[in-house]
Amino acid sequence: MSGAQPRPQAIAHAEVLGQPPLLYQKGPVASKSFPCIGAYDGQTANVGRVVVDSTWHHWMNLNLVGLEASAPADYARVQNYFRNVALWLATASQRGRMLLRILWGSIFVYPGIEEYSVRHPVWMLGRSARDVLGRLAPHCTVREWIGDFVFEKVRREMLDPRPDPCLTCPPFELVEVFFLGGILKELLPMAHAVQTKQGQVEEDSLATAALKGVQRGHEEMVTLYRESLERGRERLQLFEEALPKDLERNLFAGEREPR
């Protein structure tokens, strides 16, 4: 196994507030902070992921029934926590199927049904898809789905803080836009066939088309990036020659009026 060994991390802490003694024989409760949720991302080491938390009570239906009735807002937050845990524990292939299904489903409902067009270029489709998926799933989740297609080293390099400003460092959003657009470019003709012929499509066919779309988006992104760098070199030469040689003249002071 190569590369850095992943280590567990505490990702959430709980606060215990100091209180007077509820049971006098135990004395007062001291305030303290302690880690309550830990996570281990073994995916980079080709093993699974692990989530642990400090209590199992709220994973049991008996506790949740009372919480749902007495504190529905808290119950909704617990449900969100369960969903986040399930999403994070999913394997890369499971996350890929999640992305495929939500992207395929977005073609047939608003706003995707209005914004997607097979005539649009890949980057425009991807920009629309990124906006549409952002209304259906947290952006961090969409980013992880797309990130599974990219080598860990490349993903880490693009997501790490970049020199500011860096005029030639594309953000990871560029990968998201082109990959999503490439997938949609392959799925839209299949969706049109389903709508016109009232037929069905096998998920394996969708998966094959999506993989082809990722490759298409990657190729177009690299081509555009290369062309942009070439145009950037031309602009750089213009910028280098932008200042006139007679800059000694003080433009800020203006011309002095004769006395």
Side-chain angles (χ1 to χ4, degrees), residues 2-4 43-44 92 95-96 98-100 102-104 106-107 111-192 206-245 247 251:
S2 60
Q43 181 172 280
T44 57
R95 294 193 296 270
M98 293 178 195
L99 172 62
L100 179 57
I102 195 172
L103 195 56
W104 174 254
S106 73
I107 297 175
I113 197 171
E114 290 187 357
E115 295 189 13
Y116 301 159
S117 172
V118 72
R119 296 187 298 273
H120 290 167
V122 165
W123 67 266
M124 186 179 293
L125 275 175
R127 189 173 61 180
S128 298
R130 191 170 179 270
D131 176 66
V132 170
L133 295 191
R135 308 181 193 189
L136 302 174
H139 182 236
C140 59
T141 300
V142 178
R143 167 159 292 181
E144 184 172 39
W145 288 341
I146 297 297
D148 286 329
F149 294 106
V150 183
F151 283 127
E152 172 66 22
K153 179 180 178 181
V154 178
R155 182 170 65 250
R156 187 170 58 250
E157 177 70 23
M158 296 189 72
L159 291 176
D160 281 349
R162 300 169 296 160
D164 187 21
C166 179
L167 304 183
T168 58
C169 303
F172 196 78
E173 285 83 353
L174 188 72
V175 177
E176 298 172 5
V177 164
F178 274 89
F179 282 23
L180 289 172
I183 295 173
L184 269 182
K185 201 72 171 178
E186 299 297 328
L187 295 184
L188 283 174
M190 302 175 70
H192 178 71
L206 291 177
T208 301
L211 182 58
K212 184 178 178 181
V214 169
Q215 295 168 336
R216 178 175 184 168
H218 175 258
E219 291 172 1
E220 293 202 19
M221 180 186 67
V222 171
T223 299
L224 180 62
Y225 187 29
R226 185 179 294 112
E227 292 174 353
S228 297
L229 289 176
E230 291 296 332
R231 289 194 296 269
R233 292 188 185 96
E234 296 172 2
R235 290 296 178 93
L236 177 60
Q237 186 175 359
L238 288 176
F239 291 156
E240 289 174 341
E241 302 170 356
L243 293 180
K245 295 181 179 179
L247 194 63
L251 298 177

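Worth knowing before you read on, the calculation uses all heavy atoms, side chains too, and leaves out hydrogens, waters and symmetry mates.
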Check your understanding: Would His139 and Glu176 count as having a side-chain donor-acceptor pair, cut-off 3.5 Å?
Key ->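 A pair is found: one side chain offers a donor N or O, the other an acceptor, under 3.5 Å apart.
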Kindly give the heavy-atom pair with the smallest separation between [X] and [Y], and that separation in Å.
X: Leu100; Y: Ala210; value: CD1-CB, 3.8 Å
X: Ser117; Y: Leu125; value: O-CD2, 3.5 Å
X: Tyr225; Y: Thr168; value: OH-O, 2.6 Å
X: Trp145; Y: Met98; value: CZ2-CB, 3.6 Å
X: Leu136; Y: Ser106; value: CD1-CB, 4.3 Å
X: Trp104; Y: Met190; value: CH2-C, 3.9 Å

With rounding to the nearest 0.5 Å, note down the distance linking [atom1] in [X] to [atom2] in [Y].
X: His120; Y: Leu188; atom1: NE2; atom2: CG; value: 10.0 Å
X: Gln215; Y: Phe179; atom1: CD; atom2: CZ; value: 10.0 Å
X: Leu236; Y: Arg231; atom1: CG; atom2: CZ; value: 15.0 Å
X: Ile183; Y: Leu206; atom1: CD1; atom2: CG; value: 11.0 Å
X: Glu220; Y: Lys185; atom1: CD; atom2: NZ; value: 8.0 Å
X: Glu186; Y: Arg216; atom1: CD; atom2: CZ; value: 5.5 Å

Point to revise | Worked check of side chain to side chain contact (heavy atoms under 4.5 Å, CB included) between Asp148 and Gln43 | key: CA-CA 10 Å; Asp148 286 329; Gln43 181 172 280; 3.7 Å; yes
Check your understanding: What residues, two or more places apart in sequence or in another chain, satisfy salt bridge (Lys or Arg N to Asp or Glu O under 4.0 Å) together with Glu230?
Key ->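 Testing Glu230 for salt bridge (Lys or Arg N to Asp or Glu O under 4.0 Å), a comparison that skips the adjacent residues, returns Arg233.
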Review point. In chain order, what residues pass the salt bridge (Lys or Arg N to Asp or Glu O under 4.0 Å) check against Arg135, with sequence neighbours excluded?
Key: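 With neighbours one apart ignored, the set is Asp131.
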Check your understanding: disulfide bond (SG atoms under 2.5 Å apart) with Cys166: which residues, sequence neighbours excluded?
Key ->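 Cys166 satisfies disulfide bond (SG atoms under 2.5 Å apart) with Cys169 only.
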Practice item. Decide yes or no on side chain to side chain contact (heavy atoms under 4.5 Å, CB included) for Ile113 and Ile107, but give the supporting numbers first. Key: CA-CA 5 Å; Ile113 197 171; Ile107 297 175; over 6 Å; no
In the structure I gave you, are the side-chain heavy atoms of [X] and [Y] within less than 4.5 Å of one another anywhere?
X: Leu174; Y: Trp123; result: no
X: Leu99; Y: Phe149; result: yes
X: Arg143; Y: Phe172; result: yes

Review point. Would Val118 and His192 count as a side chain to side chain contact (heavy atoms under 4.5 Å, CB included) if you check the C-alpha gap in whole Å, the side-chain angles of each, and the deciding distance to 0.1 Å?
Key: CA-CA 10 Å; Val118 72; His192 178 71; over 6 Å; no
**Study point:** From Leu180, Thr141, Ile146, residue fulfilling side chain to side chain contact (heavy atoms under 4.5 Å, CB included) relative to Leu133
**Key:**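 For Leu133, the side chain to side chain contact (heavy atoms under 4.5 Å, CB included) test succeeds with only one of Leu180, Thr141, Ile146, which is Leu180.
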Review point. Would Tyr116 and Val132 satisfy side chain to side chain contact (heavy atoms under 4.5 Å, CB included), going step by step from the backbone distance to the final call?
Key: CA-CA 10 Å; Tyr116 301 159; Val132 170; 3.5 Å; yes
